[in-house]
Each structure stands twice: as structure tokens, then as C-alpha cells.
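Hydrogens, waters and symmetry mates play no part in the numbers below; they use all other heavy atoms, side chains included.
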Amino acid sequence: MATFTEIQNKWQQKWADEHIFRVTEDPKKPKYYCLEMFPYPSGKLHMGHVRNYSLGDAFARYKRMMGFNVLYPMGYDAFGLPAENAAIKQGGNPEDITRKNIAGIKAQQKQLGLSYDWSREIATCNTDYYKWNQWIFLQFYKKGLVYRKKALVNWDPVDQTVLANEQVIDGKGWRSGALVEQREIEQWFFKITDYAQELLDELQQLPHWPGRVKIMQENWIGRSEGCNVSWKVEEKHVILDTFTTTVDTIYGVTFVVISPEHPKLSTLITKEQEENIKKYIESARKKSEIERMGTDKEKTGIFTGTYLLHPFTGKKIPLWVADYVLMNYGTGVVMGVPAHDQRDMDFAKKYELPILQSIESQEGESFVYDNVDKYNVKGRIINSGEFNGIPIIEGRKHIVESLKKKGLAEWKIQYKLRDWLISRQRYWGTPIPMIYCKNCNLVPVPEQELPVMLPKDAIFTGAGNPLETSEKFTHCTCPQCGGKARRETDTMDTFVDSSWYFLRYCSPQSEAVFDKQAVKYWMPVDQYIGGIEHACLHLIYARFFTKALRDLGLTDVDEPFTNLLCQGMVIKDGAKMSKSIGNVVDPGEIMEKFGADTARLFMLFAALPEKELDWSDQGVEGTFRFLKRVERLVDADFSLDPYTDDNLQNRDKHIIGKMHATLKRVTDLIEHIKFSLAIGAIMELVNDLYKYKEGPYKKSVYGETLKTTVLMLAPFAPHLCEELWERMGNEGFISLASWPVYDEQKIDKKAQACEELVQQTFADIASVLELAKITHPNEILLFVAKPWKHYFFARMQELLQTVKDPKEIMKALMADPTLKQHGQDVVKWVPRIMKDTSKLPKHVLDDAIEYATLMDGKQALEEKFGCAVQIMKESESTEQKAQIAIPGKAAILVK
RNA sequence: GCGAGGGUAGCGAAGCCUGGUCAAACGUGCAGGACUUAAGAUCCUGUCCCUUAGUGGGUACGGGGGUUCAAAUCCCCUCCCUCGCACCA
């Protein structure tokens, strides 16, 4: 008997030799693009990967069997800091390290037997890939989607590079975990904010995305509708803008707060306050990233000594500095309305600033805009001069219009989403194709000179950007004037690489960025599978790229991913697998011990894809046992007394019915990616097959059922199923076989069961008669498990002939002493039966069928045995039981 | 604080949307039996409590309340857990 390792190797080899998973565009076949988030090649697979790929592969295999032309590719997100850090630490260079890691991870993926079209493999560190990053960058540049500016940026002191906002988590770098500092540096940006509105709007058109991802993106984009109000500074020709969504409270402004980082701040300080403010700014900057993130948010601030003039009342409004105002949102200046804003209220109370009410609720009470829907609030404006009494929402319009006339306000839509900072001061990434020339300033590298390759002579010391150490790289000639020039040494964020790789897969060898026709055929991705951690990073960038490339006329795809599945984490002993806890299970070891099929099947069986998966060693063994159980079914000796009679007995019909029912269920479950339930249903069928095999079975029925079982299991445990497919004498690969089709007609198992019941009764009565040596029974007693049900249906039928009112029927039924005992159930069913027979629960209908069958059976029994058959309600006493043995009568019990 | 998702039998995990077929799939664990010299593997049976040859009854899906003839499932309140966002004006 072949071991699972032998089976695995055999079929993996065959799949590879015959290239059976290779695909090309075929307009005659419906396409299906199944994609997993490609991995960062760290050298070894972890359980999260295995889960991800098991899900994707099962689904791709299923779709293939369903007749789709399935694009199922794999590649590597190969640029990134870990490889560079490894080079610094252990010597060597990032490329070699990365290539080695790719080889390692690929070997394990192959070992898992994933049905990728390996001819489409890509790695983002290949020049023929990152060349197109540069090309896209240049297209974006031409279109004005790229710009360079000096900005306060998130500086990761450990990784020595800048981070995008999305990569800062709790004030720490997403990779290094180091506290992020603010630095002012010239940086490259992608203008993702141009697409903020579309990115937000089109979330509506993604019905098959998990709600939480959409909500997260929505929050991340963070749209607010409001207006900018300009404030004149007293005795200075300076204007300060504030952004507010609730301009209705403008009469409630008792102070204005400016961010410590605000560029105009220095000009707004009075001499007396200068020293103190400098101190405050200093302390704010120091604590900023640590304490601004803290839970305890006691507000601090300091008066600048300067006053602003209220645009309506002309009153003097003090200008304060406080670090609860963020520089990078809105204008960096906020109007303080302590009566209606919790933060302002806290601040006002602390510094004893006046509190002025300017709006009230419908009930005439003051309220704070905390848990209130700002855009649909009801109430009116008060204490606000000419605006008194106007409903809040309407009042906003009046106020803005009034200010607009004075040139002091404009409507404004504000987003939290900020432009995507893509420069990284590191080596292992795509060089940004720009040149600095003394004469010509900033010059893009001409397209024909792409790619700008990473130099081989860079030195990895850990200090600064290694690219700057390469003379060959940094020195160049200006493409415009031909003079000496310097190359940009920043590289691109690796998230640029992953923002369009799904397009490249469509035509990985294309001489262009991608082949338009191929993209037209394959895109969008029908099913995308990956971790939730990318909800606001990769998934937003990829959407942005898709839209930007569309606007460049390169595709006509609006949204890249139609269906999105975010898999749950793999945990063990109640915690995420991690080295520090020591609960890591190595996929390699599991594959060694139990094989790829078991590893994959367990991953799919243990939990629904979106849920957490609790790793259990016993569960793995159980899965392993199940596969062996299936194998034994195939290896069973068919020659052992199977019935050859062509007529199908009840037990044959039953198993066939079960098979079709299971097939229907499994198909539906896989379609909805509820793999664990699908596998559970297959297990049930396997259990039934074992039972079927116990009794007299027919080879044809057994074989047919088993064949279907193996086909259903094939997407989950492909190696074993290929092997079993062959052992059962089938030609070709099961991977390329067609998904079986169920026959609705054969599913009606209840009718079969009833028939079986009658048949069984015949047999049982015959044997009882024989045992009791009874030749001529006068009467046969049929005991039924719930006789009152049948009785109920009989009465019900009678009543329906004459009475139409459900309540009357109910009354009549309840008057019956037999049914009275079961009043609850009677009351349950009558309204249902009266309402709509088609909507009856299945079991009620079944009971009705059973009743009819029983009546038929009774008749048949009477004919066959030539005696009266009586259906007994119940056997309450032993006396009655004793009658069973009374000669001249036969009794049989029916469930 | 805001937002999302959870709490089901010894354990993992379905069922909830669309109330009745639910003492609740499937797996695991446990118990008994068969096979075996024995162990393992395998197969069968049982596995909330009481009772039975069959059956029947009681209690139960975090806690409390409500709607309904009927609630794990719908509504309200409450407790606990996990995960996102977090002074966004």
C-alpha cells in the first residue's frame, strides 16, 4: 500500500509533467480568477499561509471541475526590509537572501500540491517586474498623481525610513514596532486623495466584501462635510482658517485653538508669552507620539496672547495653542465651542474659559455633538443674533452663505485619508526613476531607459540608505541637458509592488506593463483571499491603482476584487501562534507526519474560513483517520457477496437518495465557501456508506456513491483523490474531471423511507409469525411510535372536508380525548396547515406522507396475511405487552 | 469613547438571516461492545438528567424580560470576551 508521501509525490509529479493547471485565455469558456494575497518570502510557510492557500486551492479546484477556465497564480512580494536587515546583520546581499527564501517557500507550496499555474510566477524584485513600477510611476507623474514635497513624516528610527500613515500602528512602525518620530523631509507622494470620493462611493458596489472591511475603509477615508471659516487676527494682517462640520455653533465660540506644529504659530505669539509657548511646543513634541496615543487624554494648552475677531459679533476671541489639535487634519486650527463639544468643554473647564450655549435640541435642551448624527440633527439655533430660531441644518447654510458674502467662508469636504507617501530611504525596493539636475531641476528618467536597476555594489552597514554608497548608481547624466546629475536614491514603498500584481498575472511575460486583452479577459479577480490586516493598506492601495490605471486608459476595470474573503487567524491554546508563547506548529512537520492532504483538509474542516481556527492535534489525527476511512471504502473487496439483483431495494434507494442530497448540499456549501460544513456532509455520507456496506449491497450502487464521494472530496484532498480515482479504474485526472450533477428526483428520501418501512414490516411480521409458529393470525397489531400523529392527520383530513375556520377545527381537535394529551403539538400545526400547505415544515408533510403510507401498508398487510390489521396507539401497560404473545395475533412495532 | 464580531453539550464547531423537522450536524474526547494471545489500529453502540424492550418525561443554547400557539433562532435590557479606530474639529 502506497504511503501518503508516495501518493503525494506521484501526483505532484504527474500534474507538473502534464502542465494540467496551465491556462490561456479561452473566450469559449467562462473564466474564473482565484487569487490569494501573495506572500512576503520569509523562507518558510506558517499556518496562516497554509490556511490561505488551502482555501484558495480548494475553491480553484472546485471551479475548475465546474468547467471554468481558472486563473490561479502565485508569486512573491519580494522587496522589503527584512531581507535588507538580514543582509546588514549576516552579510550578503538582499537579493541572494530573497532568492533563497523564495526557493524555500516555493518548495513548501509545491509540497502542499497547490494547483497554481506556475508558468505565471512573478517576483516583484525581478527587473521585468519593477521596471513596470517605474513605468507606472512615470505615467502617474505625467498625470499629476505624483508630487514631491517637504512634509512632516513618520520616521521609523529602527528601520531608518519613512512610513506611510497606514503603516503606523499605535504610533509605532508596523514592522519594527519602534516609536515613530516626526521629521520634516522632502518626500514623494501619490495623490490618492484625488480618488478619496470614488474610493468611498464604490465601496457600495462591492456587495461581496465583508462588511467590516468596508466599514474600516470608510472610516479610514473619513469623509466630513463642513466649511472653512476665516478668522481675522486682531491688529495683524493674518488670517487663520478653521474647519468645522458644525458651523451652527459659531456663536458659541469662546476660544480658538491652534496646533503646536502650525507654521503660522510663530508669528502669532506675543512677546510676553514667547518663552512659555516655546517650552510648551517643545514638551508637546517630545511627548507627542507616546502620550498623545495614551488612553488618558488630559488636555493641555497655553494662551498665545493673541486675539481673533469673531466674524459676526466682532468680539475678541483668545487664541490658544494645544496639542489636542492635529496639524495634519483640517487646517490645524479649530474653533472652540465648549458648550457643544466634549473636548472643547474639557479644555474650557480646565482653563476656565467661558461656555456659551448656541444651539438647543428639539426639547429645548443644550447638547454636545458626541453621539449625535451631525448631518441629521434636529433642533434650533439660539443666542445667535440674526440666526436665532432657525433649525440647525438650515442654519448652517444661512451662516455659511452670510460669511461667504464677506469672503470669510467656503463649503469644504474634508477627508482623513492623506496622500500616500511612497519614498523609502532603503535599498531593497524599486528605485524611483527621477534625476536631479542642477540646470534642469527635477527630470524624470525617459521611459526607454527603464529599468533603473538596483546597483550590485551597494554597501549594507545599517547606517543610512545603502543606495547612496553606490557611485555608479548615484552619478548620472541629465537626460535633458546632458550635464552631470544625481539619481534619486529613494526607493518605493513595497505596497506599490502589490498594488497591481494581479494585473501582471494576466500576462506575466508581456512586453508592456500588461497585455490589455489578457486583462480584459481575466479581470476582475473573482475571488480574493487573504488576511484582514490589509483592510486599510493593500486593499485600499490596490483599489486606487486600479482606478488610476483605468484613468490612464490602460484597463476598463473599476474595482479589482469582486469577492473578498478575509480568513481568520490560526490560534492554539487560545492565543495566536507566536514564538514567544511557544505554541507555533510548523506546517512542514505536519506535512511530514500526516501529509499535505491531511494538513489542508484539517485547515478547512476545523472552522469556517472567516472565523478563528483553533489548532488541535487531535483534530488533525481525526482528519487523517477520515481520509484513511475513505481509502478503505475504495479498497474494499467488491467481490464479497454484493447483490447482483438489478432491482433496487430500499436500502439501495436510500443510499442513492442520500448521495444526491449530499451532493446538492455540498455543492451549495462550496459555492458559498463553507468548506467545513461541506466536509462534514461528506463525512456523513461516508458513515452511511459504511453502514450500507454492512448489509447486502450492490456493487453498482456502492461504486456510484463512492465515486461521487471521492469527486466531492477532490478539491480538499487532491492527492489521495487522484490516487483513489485511479484505483477505481477511472481514466485521466480527477483534478480535471467534471463536478458531478445531482438528481433532484432521487433526493426524496422520505417516500423511500416509508416504502422501506412497509417492506420491513412485511419481513418482520413474517419472521414473527414463523418464530411464534403462528400459521393463521386473526389480527395483527401495528404499534407505531407516535400513533397520535397519524390519528391527528386522519381527523384533520376529515374535518377539512366540512369545516373551514381554523379555530373551529382547533376546537374540534382539542375536544378529542386522544389529541387533548398532545394539545401543544396540535395547536402548533393546525394554523400552519390552514395557512399554506406548501409552506408547511417538511416534517409535518413527512408525517402526512407517512400516514398515507401506513394506511397503504395496512391494506397491503391485510391482503397479504389475510387477516385484520389494527394500528395500535400505544402500549401503555405490560398487560398489553403480554397480548403481543397471544397466539392468533401478531404484533409488530414500527418506528 | 466609537465601530464590528462573538458567548451553543467535556472540548472545537454548525444551527440564528428565512421561528416549528433541535437534546441540536460534523469532528474530537469519554464509556461500553466486537475483533485480537495482548496492545494498537479498525468496526459498531452510547454519550444533558430521570426512566424504557420499544417509549416517555424533565431541564437546557451567557443572564433577565418581551412577542408568539411555538424561541438557540425575532425584539428590548444586562453581563462577559475578541478585534478594529481612537482627541479627525
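Under a 3.5 Å cut-off, the side chain of A:E225 and the backbone N or O of A:W411 do not form any donor-acceptor pair.
Listed pair A:K374 / B:A89 meets the phosphate criterion, a side-chain N or O lying under 4.0 Å from OP1 or OP2. Using a 4.0 Å cut-off, some side-chain N or O of A:S224 falls inside it from OP1 or OP2 of B:A89. Contact check, A:Y369 against B:A89: no side-chain N or O comes under 4.0 Å of OP1 or OP2.
A:D341 is linked by a side chain to side chain donor-acceptor pair (under 3.5 Å) to A:R343, counting only residues two or more places apart in sequence or in another chain. Listed by chain and residue number, A:R629 satisfy the side chain to side chain donor-acceptor pair (under 3.5 Å) test with A:N687 (two or more places apart in sequence, or in another chain).
Between A:F675 and A:F716, the ring planes are perpendicular. Angles over 60° get that label, and only those under 30° would be called parallel. Ring planes of A:Y702 and A:Y697: tilted class, angle from 30 to 60°. By the 30° and 60° cut-offs, the orientation of the rings of A:F594 relative to A:F624 is perpendicular.
Looking at A:V377, A:V400, A:I393, A:I392 one by one, the single match for side-chain contact (heavy atoms from CB on, under 4.5 Å) with A:D248 turns out to be A:I392.
Atom P of nucleotide B:A89 and atom CZ of A:F347 are separated by 18 Å, given to the nearest angstrom. Note: CG (A:D373) to C1' (B:G3) measures 15 Å, nearest angstrom. Across the protein-nucleic acid pair, A:R212 atom CZ and B:G5 atom P stand 9 Å apart, rounded to whole Å. Between A:H534 atom NE2 and B:G84 atom C1' the separation is 15 Å, expressed in whole Å. Whole-Å rounding puts the A:W209 CH2 to B:G84 P distance at 19 Å. Regarding A:D635, its CG atom lies at a distance of 14 Å from the C1' atom of B:U42, rounded to whole Å. Separating the CZ atom of A:R396 from the P atom of B:A89 is a distance of 12 Å, rounded to the nearest angstrom. Here B:G3 presents its P atom at 19 Å from NZ of A:K214, a figure rounded to the nearest Å.
A donor and an acceptor atom, one from each side chain of A:S616 and A:Q618, are nowhere located under 3.5 Å apart.
Under the Watson-Crick or G-U wobble criterion, with both distances below 3.5 Å, B:G40 has no partner in any strand shown. In this structure B:A9 sits in no base pair that meets the Watson-Crick or G-U test at under 3.5 Å. When both distances must be under 3.5 Å, the Watson-Crick or G-U wobble mate of B:A31 is B:U45. Here B:U73 sits opposite no nucleotide as a Watson-Crick or G-U wobble pair (both hydrogen-bonding atom distances under 3.5 Å). Nucleotide B:C22 is matched to nothing when pairs are restricted to Watson-Crick or G-U wobble geometry with both distances under 3.5 angstrom. Using the Watson-Crick or G-U wobble rule with both distances under 3.5 Å, B:U59 pairs with nothing in any strand shown. Applying the Watson-Crick and G-U wobble criteria (two distances, each under 3.5 Å), B:G84 pairs with B:C2.
Of the residues in residues 241-257 of chain A, those with a non-hydrogen atom less than 4.0 angstrom from any atom of RNA chain B are A:F243, A:T244, A:T245.
With contacts defined as side-chain heavy-atom distances shorter than 4.5 Å, the pair A:D344/A:Y369 does not qualify.
Nearest nucleotide to the A:K299 side chain, out of B:C87, B:U28, B:G84: B:C87.
For B:A23 and B:U59, the P atoms lie 14 Å apart once the distance is rounded to whole Å. With both ends at atom C1', the span from B:C2 to B:A86 equals 8 Å, rounded to whole Å. Comparing the P positions of B:G58 and B:G46 gives an interatomic distance of 23 Å, to the nearest angstrom. Here the separation of B:A70 from B:G84, taken at their P atoms, is 43 Å to the nearest Å. To the nearest whole angstrom, the two C1' atoms, one in B:U73 and one in B:U67, are 13 Å apart. Taking atom P on both nucleotides, B:C49 is separated from B:A31 by 15 Å, rounded to a whole Å. When the C1' atom is used for both B:U8 and B:G62, the distance is 10 Å, rounded to whole Å. Distance check on atom P: B:G6 versus B:C22 gives 23 Å, rounded to whole Å.
Looking at heavy-atom distances under 4.0 Å, A:G330 makes no contact with the nucleic acid at all.
Note that OH of A:Y280 is 8.5 Å distant from CD1 of A:I302, once rounded to the nearest 0.5 Å.
Of the residues near RNA chain B, A:Y329 and A:Q618, the one whose nearest nucleotide (by heavy atom distance) lies more toward the 5' end is A:Q618. Each of A:E621 and A:K628 was assigned the nucleotide of RNA chain B with the nearest heavy atom; the assignment lying further toward the 5' end belongs to A:E621.
At least one test fails for A:K350 against the ring of A:F347: distance under 6.0 Å to the centre or angle within 45° of the axis.
Every pair passing side-chain hydrogen bond (donor to acceptor under 3.5 Å, both in side chains) that includes a residue from residues 206-217 of chain A is listed here, sequence neighbours excluded: A:Q217-A:R543.
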Between the protein and nucleotides 43-47 of chain B, list every N/O to N/O distance that falls short of 3.5 Å.
unit_1	atom_1	unit_2	atom_2	d
B:C43	OP1	A:R629	NH1	2.6
B:C43	OP1	A:R632	NH2	3.3

Dump every N/O contact between nucleotides 8-14 of chain B and the protein below 3.5 Å, one line per pair.
unit_1	atom_1	unit_2	atom_2	d
B:A14	OP1	A:K611	NZ	3.3

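A:E218 approaches A:L200 most closely through the heavy-atom pair CG-CD1, 3.5 Å. The shortest non-hydrogen separation linking A:E612 to A:R51 is C-NH1, 4.2 Å.
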